[in-house]
Amino acid sequence: MNLQKSLRHESKKLRDSARGRECQIRIPGICKGNNETVVPCHLNGGGAGTKHSDLFISYGCDLCHSAVDGRIKTQYSKDELNLMLLQGMVRTQQILLDEGLVKI
């Protein structure tokens with residue numbers, strides 16, 4: 001089986017859109033709602049040393065970002081953290097669609 005490697009699509013416009021936003025990951029007991037620290041968070045697993053394309057971001061505060069990346073310990077499993085990140089990604093994509101930053 002020949003699996004073709006996916007291209008990573010980057011968008012400065014999408015990454016910049018995270019600035020000043022509400023955290024969409026919202027990890028209970030972790031998230032403090034600090035909009036000043038929100039960045040575009042990518043799901044891990046895009047390949048060795050790579051990230052997924054910028055379409056697959058979630059607006060996340062520094063604490064939630066650190067939790068999903070494993071930089072801080074939490075009571076949540078990796079699967080639970082990934083689920084919260086994916087739920088945040090869905091909310092973020094809805095924002096991007098609503099504001100016309102992504103078109104279908």
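Note that the structure is predicted; figures quoted are calculated from it, not measured. Values below: all heavy atoms of this structure, side chains included; hydrogens, waters and symmetry mates excluded. Along the sequence shown, the residues carry numbers beginning at 1.
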If you apply the rule side chain to side chain contact (heavy atoms under 4.5 Å, CB included), what do you find for Tyr76 with Val68, and how did you get there? CA-CA 10 Å; Tyr76 302 103; Val68 297; over 6 Å; no
Could you tell me the separation between the CD1 atom of Ile30 and the SG atom of Cys23, rounded to the nearest 0.5 Å? 11.0 Å
Hey, could you give me the SG/CD1 distance between Cys64 and Ile72, rounded to the nearest 0.5 Å? 8.0 Å
Can you tell if the side chain of Phe56 reaches within under 4.5 Å of the side chain of Met89, non-hydrogen atoms only? yes
Are side-chain heavy atoms of Ile27 and Leu63 found at a separation under 4.5 Å? no
Are any non-hydrogen side-chain atoms of Met84 and Ser58 less than 4.5 angstrom apart? no
Could you grab the distance from atom NE2 of His42 to atom CG of Leu55, nearest 0.5 Å is fine? 9.5 Å
Would a 4.5 Å heavy-atom cut-off, applied to side chains only, mark Lys13 and Leu101 as touching? yes
Working to the nearest 0.5 Å, report the span between CG of Leu86 and CG of Leu81. 11.0 Å
Would you mind listing every side-chain hydrogen bond (donor to acceptor under 3.5 Å, both in side chains) that reaches into residues 90-104, with sequence neighbours excluded? Arg21-Glu99, Gln94-Asp98
For the side chain of Ser17 and the backbone of Leu14, is there at least one donor-acceptor N/O pair under 3.5 Å apart? yes
Verify same cluster id: Ile104, Ile95 (apolar side-chain graph, 4.5 Å): yes
Looking only at heavy atoms, which two atoms of Ala18 and Val38 are closest? And how far apart? O-CG1, 3.4 Å
Is the closest side-chain heavy-atom distance between Ile25 and Cys31 below 4.5 Å? no
Excluding sequence neighbours, so at least two apart, what forms side-chain contact (heavy atoms from CB on, under 4.5 Å) with Asp16? Lys12, Arg19
Is a donor on one side and an acceptor on the other found under 3.5 Å between the side chain of Thr74 and the backbone of Ala67? no
Cluster check Ile57, Leu43: I/L/V/M/F/W/Y, side chain < 4.5 angstrom: yes
Sequence neighbours excluded, every pair satisfying side-chain hydrogen bond (donor to acceptor under 3.5 Å, both in side chains) that has a member inside residues 80-90: Ser77-Glu80
